[in-house]
Amino acid sequence: METALNRRDVFKFFGVAAFTALQLPAADPTAPLFFSRDEFALLDALTELIIPSDDHSPGAHEAGVAAYIDRTAAEAYLPEDKTSWRQGLAAINELSQNMSGSVFLKAAKAQQMVLLKQIAAAEKAPKTEAERFFTQLKQTTAFAYYSSSIGIHKDINYKGNVMLDKFVGYEAT
Amino acid sequence: MLLQFPASNFSDIDFHTTYDAVVVGSGAAGGMAAHALTQHGMKVLLLEAGKNQDTTKILHSMEWPYEHPRRGKMPPDYHALTRNEYNIRQPPYAQGSPYTNVVSYIQGWGGSDYSKTLVVNEKEHPYTGTRYAWVRARTVGGKTTIWGRLALRLSDYDFKAKSRDGHGEDWPISYADIAPYYDKVDEYLGVSGHPENLPWLPDGKFQRAVKLNDAEVHLRNTLKGMGRVLTPYRAGVTTDGLKHNKYRMRCYGRGACNRHVGGCDIHAAFDSPTGLIRPAMDTGNLVMRPNSTVYEVTVDKDTGKATGVSFLDSDSKKSYQVKAKVVILAASTLESARLMLLSKSSLYPNGIGNSSGHVGHNFCEHVMGPSVAGIKTDLIGKPRTLDDGRPGGFYVARFRNLKDKSDFVRGYGFEGGSGCGMIPGAAYTTPGFGEEYKKNVRDYAGATIEMGAFGEVLARYENAVDIDPAVKDAWGIPVLRFSYHFGENEKKMAADMAESAREMFAAAGFEIVSVTKSILPEGWSIHELGTARMGNDPKTSVLNQYQQSHDVKNLFVVDGSGFVSASCQNPTWTIMALCWRSCDYLADQFRKGEV
């Protein structure tokens with residue numbers, strides 16, 4: 001995706017920054033609203049592992065799932081709704097340290113999968129902090145992905161939300 | 001085509017006039033009273049506690065989730081009560097909540113930013129006593145702005161149920177008395193359905209029925225073999241259009257009915273504002289004032305008759321009085337009972353119309369919870385059909401205690417549906433992650449089928465509401481205190497619901513994913529009924545068969561309060577048919593000078 005379009009965006013950004021720099025410290029529009037860059041990268045990777053891009057349709061990364069969660073956490077009204085996300089991500093890294101000696105994003109792909117499979121196995125009745133976080137992350141990722149344009153139109157290929165002259169289906173006989 | 005209400009404000013009311021009738025509440029009952037009485041030429045004032053919100057503009061039914069910054073969810077300072085909170089907290093549920101706005105559980109479903117202002121902020125509207133998931137919509141149109149649309153008739157199996165099983169009381173009417181009014185409601189408002197010729201679920205004047213999908217047709221055929229009937233959802237929706245109503249369009253199968261908690265912004269689904277109130281305004285005989293919180297029915301000490309009502313402007317909280325020759329309560333089963341109990345005077349020390357002591361008692365509704373979910377396995381991985389482009393799936397008619405007897409009395413029906421909506425439910429229930437999870441969600445999304453039961457809660461004197469003098473709402477009005485529990489009959493019935501649901505899905509050969517046996521909190525059905533029941537004996541009933549107070553001839557209560565029993569069929573259509581019948585009687589009496 002390194003295209004001329006991207007370069008034009010960069011050019012535009014510089015133009016705006018030059019102007020706003022006169023009044024405000026330059027804000028980074030690509031910065032997450034709530035998470036640190038490291039946390040956001042971990043969140044983005046985890047959501048993409050839960051709903052990956054495949055032959056059928058793009059996955060959670062392209063659907064902007066992490067950005068949706070970031071915004072949700074930033075706007076959360078109760079402090080515990082913010083901290084649960086931050087603590088959950090920390091719990092994943094802690095578990096990864098224990099299992100493979102490095103944080104999740106530094107661990108080998110195979111080790112990442114072992115970790116995820118372990119916490120996903122307890123999905124219906126999570127007990128540890130990492131397991132509880134997986135359930136929270138999975139449910140939120142599912143909503144954010146399947147309510148996105150990619151989820152609705154490209155993955156599910158939902159045919160509704162249109163004006164129908166007649167109902168579809170079979171008459172009761 | 002879809003016009004706004006004229007800006008209704010204070011100056012619309014003439015405080016020097018004595019109106020022919022004042023109607024309290026603008027939902028199904030209040031709208032119908034306004035319609036029926038203005039048709040007879042009576043000058044009517046309609047008071048609504050809530051605001052005049054135009055659902056045409058606020059629902060945005062066809063907006064995609066990703067077009068909304070929070071995917072349709074409420075702002076972060078809003079909180080919808082969860083099922084668990086009703087179980088673990090004591091009412092008032094909102095007390096101590098850190099959220100600015102606390103709303104009923106119904107807002108917890110789906111995207112609800114659009115309908116959040118239609119229901120009340122529980123912080124302003126406390127109530128006390130036993131657990132009750134009380135959904136209140138204070139807005140022009142009341143709960144009809146978001147109702148579930150199932151439009152069913154009752155039958156003599158309901159009206160004469162006591163004669164069949166000995167419980168409670170028979171209604172003072174039979175099906176023959178109300179049938180012509182069901183017909184009138186069908187034709188005036190539109191109802192979709194397929195005739196089944198069942199004596200216990202009478203057919204209506206149906207418009208185009210909704211269609212069934214593969215799994216639903218299969219279940220219908222299976223149930224036929226068991227002597228049971230699955231019929232396409234009988235929706236209070238005009239599927240063919242209504243030539244006489246310029247405020248409503250016919251249904252175009254947009255599938256928007258449940259997407260935002262409810263509500264139809266083209267008004268194909270019945271709602272009181274476009275179905276009843278606007279046409280009533282067009283007669284020139286109706287004045288409506290939203291933002292008017294009625295707190296008392298006033299009485300003449302000499303004649304004992306009602307003289308009008310006192311109300312507060314809902315914003316300024318200033319008090320006003322209006323005069324009317326007839327007072328009609330249509331504020332909902334619980335709010336009308338509250339108003340009667342609040343209207344105490346030397347003549348009526350127990351509240352107006354309450355010489356029987358039955359106001360607030362015999363409170364009943366529907367019990368919910370038991371349900372079944374399954375998979376029609378041959379549909380897994382098949383191309384999906386368009387399953388949600390219709391106002392509902394199916395309804396399974398009552399089959400218990402019609403000819404045979406079981407270890408409980410009365411019956412229940414099921415509402416259900418199959419297939420894939422905009423956001424597949426399988427996304428939340430499919431285990432695991434990765435490509436396999438993603439494929440399973442796709443493959444199973446169209447193969448699911450589920451149904452849940454609605455059962456009759458017996459009307460019992462001891463299930464009641466009264467006034468809690470110690471707690472007041474944001475307007476300083478004492479609140480309701482609940483003393484309401486499900487009984488043994490409901491528990492036995494619920495056990496049978498779960499078992500029969502499992503039995504039917506098993507008979508159809510569906511792979512059963514889950515059978516839910518637990519009962520949802522009291523109030524979940526949003527079908528409160530019976531707090532001012534009708535009857536022929538003034539000692540044991542509050543209203544006569546025309547919903548007229550036995551004690552006060554010019555006081556009528558035309559909402560669900562008058563129900564003698566809950567039946568298991570959803571009440572809205574019966575509320576409107578009864579109200580129309582009562583208003584025809586009232587208008588006749590009014591002409592003769594006898595109210």
Side-chain angles (χ1 to χ4, degrees), chain A residues 46-47 49-57 59-60 63-64 68 71-72 74-81 113 116-117 119-121 123-124 134 137-139 141-153 155-173, chain B residues 61-62 64-67 69-73 75-79 98-100 111 194 196 208-214 216-217 220 230-232 239 251-256 259 384-390 394 420-424 427-428 430-435 437-439 441-442 445:
Chain A
L46 288 169
T47 59
L49 284 167
I50 290 172
I51 305 184
S53 190
D54 60 14
D55 292 345
H56 179 81
S57 60
Y68 172 82
R71 187 186 175 127
T72 305
E75 289 183 349
Y77 195 65
L78 302 184
E80 55 260 42
D81 290 343
M113 294 306 279
L116 269 185
K117 275 185 184 148
I119 56 176
E123 192 178 348
K124 301 269 189 231
F134 178 81
L137 177 66
K138 158 96 179 276
Q139 293 293 315
T141 300
F143 171 73
Y145 179 77
Y146 289 104
S147 64
S148 73
S149 180
I150 285 171
I152 292 170
H153 303 297
D155 187 78
I156 291 298
N157 191 19
Y158 172 70
K159 297 180 177 70
N161 201 27
V162 292
M163 305 281 274
L164 297 175
D165 198 42
K166 291 176 178 164
F167 296 128
V168 177
Y170 308 96
E171 283 182 21
T173 51
Chain B
S61 295
M62 296 184 79
W64 295 99
Y66 51 81
E67 292 175 321
R70 293 180 306 276
R71 302 277 167 92
K73 289 185 184 293
D77 62 335
Y78 268 80
H79 172 67
Y99 293 96
T100 310
H194 177 77
E196 304 286 0
R208 180 175 56 122
V210 301
K211 289 186 177 173
L212 302 176
N213 61 27
D214 185 303
E216 294 163 353
V217 168
R220 175 177 165 88
L230 178 155
T231 193
T239 48
C251 180
Y252 283 96
R254 303 173 305 155
R259 213 174 283 147
R384 276 180 304 282
T385 48
L386 199 170
D387 298 313
D388 70 347
R390 52 183 183 167
F394 62 80
C420 185
M422 185 188 285
I423 299 176
Y428 303 109
T430 304
F433 66 94
E435 280 189 38
Y437 161 79
K438 200 178 167 198
K439 181 172 188 312
V441 171
R442 276 199 304 276

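Numbers restart at 1 for each chain; the letters A, B, ... are given by sequence-line order, proteins then strands. It should be emphasised that the depicted structure is a prediction, and the values quoted were computed from it without experimental measurement.
When every heavy atom of A:Ala60 is checked against every heavy atom of A:Thr141, the shortest pair comes out as CB-CG2, 4.5 Å. Of all non-hydrogen atoms in B:Lys438 and A:Pro52, the two that sit nearest each other are NZ-O, 2.7 Å. The two residues A:Val162 and A:Lys159 make their nearest non-hydrogen contact at CG2-O, 3.7 Å. Residues B:Met62 and B:Glu67 come closest through the heavy atom pair O-OE1, 4.5 Å.
The candidate with the highest count of non-hydrogen atom pairs below 4.5 Å against chain A, out of B:Pro431, B:Ala445, B:Ala256, is B:Pro431. Per-residue counts of heavy-atom pairs under 4.5 Å with chain A were compared for B:Arg442, B:Arg254, B:His194; the largest is that of B:Arg442. When the candidates A:Ile51, A:Leu78, A:Leu49, A:Asp55 are compared by the number of heavy-atom contacts under 4.5 Å with chain B, A:Leu78 comes out ahead. Each of A:Lys138, A:Arg71, A:Glu75, A:Met113 has some count of heavy-atom pairs under 4.5 Å with chain B, and the biggest count is that of A:Lys138. Interface summary for chain B: among A:Ala76, A:Ala144, A:Gly169, the most heavy-atom pairs under 4.5 angstrom belong to A:Gly169. For the set A:Ala142, A:Ser149, A:Ala120, the count of heavy-atom pairs under 4.5 angstrom toward chain B peaks at A:Ser149. Ranked by non-hydrogen atom pairs under 4.5 Å with chain A, the options B:Met422, B:Arg390, B:Arg70 are led by B:Met422. Annotation: maximal heavy-atom pairing with chain A below 4.5 Å, among B:Tyr78, B:Tyr428, B:Tyr437, occurs at B:Tyr428.
Under the 6.0 Å distance and 45° angle rule, B:Arg220 does not count as a cation-pi partner of B:Phe394.
Comment: B:Lys439 does not engage B:Glu435 in a salt bridge, judged by the lack of any side-chain N to carboxylate O separation of less than 4.0 angstrom.
Within the 4.5 angstrom heavy-atom criterion, atoms from both the backbone and the side chain of B:Val210 approach chain A. For A:Lys117, the parts sitting under 4.5 Å from any heavy atom of chain B are the backbone and the side chain alike. Only the side chain of B:Pro232 has a heavy atom closer than 4.5 Å to any heavy atom of chain A. Contacts between A:Ser57 and chain B at a heavy-atom distance below 4.5 Å involve backbone atoms as well as side-chain atoms. Only the side chain of A:Phe134 has a heavy atom closer than 4.5 Å to any heavy atom of chain B. Of the two parts of A:Gln139, the backbone and the side chain both hold a non-hydrogen atom closer than 4.5 Å to a non-hydrogen atom of chain B. Contact annotation for B:Asp77: both backbone and side-chain heavy atoms come within less than 4.5 Å of a heavy atom of chain A. Proximity to chain A involves both the backbone and the side chain of B:Pro69, based on heavy atoms less than 4.5 angstrom apart. Within the 4.5 angstrom heavy-atom criterion, atoms from both the backbone and the side chain of B:Tyr99 approach chain A. At a 4.5 Å heavy-atom cutoff, the contact between A:Ala172 and chain B is made by backbone and side-chain atoms alike. Using a 4.5 Å cut-off between heavy atoms, B:Ala209 touches chain A through its backbone atoms (N, CA, C, O) alone. Proximity to chain A is limited to the side chain of B:Pro424, based on heavy atoms less than 4.5 angstrom apart.
Side-chain contact check for A:Tyr77 and B:Thr100: at least one donor-acceptor pair (N or O, by modelled atom type) lies under 3.5 Å.
Between A:Tyr158 and B:Trp64, the ring planes are perpendicular. Angles over 60° get that label, and only those under 30° would be called parallel.
The CD1 atom of B:Ile423 lies 8.5 Å from the CZ atom of B:Arg71; values are rounded to the nearest 0.5 Å.
Within the 4.5 Å cutoff, side-chain heavy atoms of B:Arg208 are placed close to those of A:Phe167. Counting only heavy atoms from C-beta outward, the side chains of B:Val441 and A:Tyr146 approach each other to under 4.5 Å. A:Leu116 is listed as a side-chain neighbour of A:Leu46, based on a closest heavy-atom distance under 4.5 Å.
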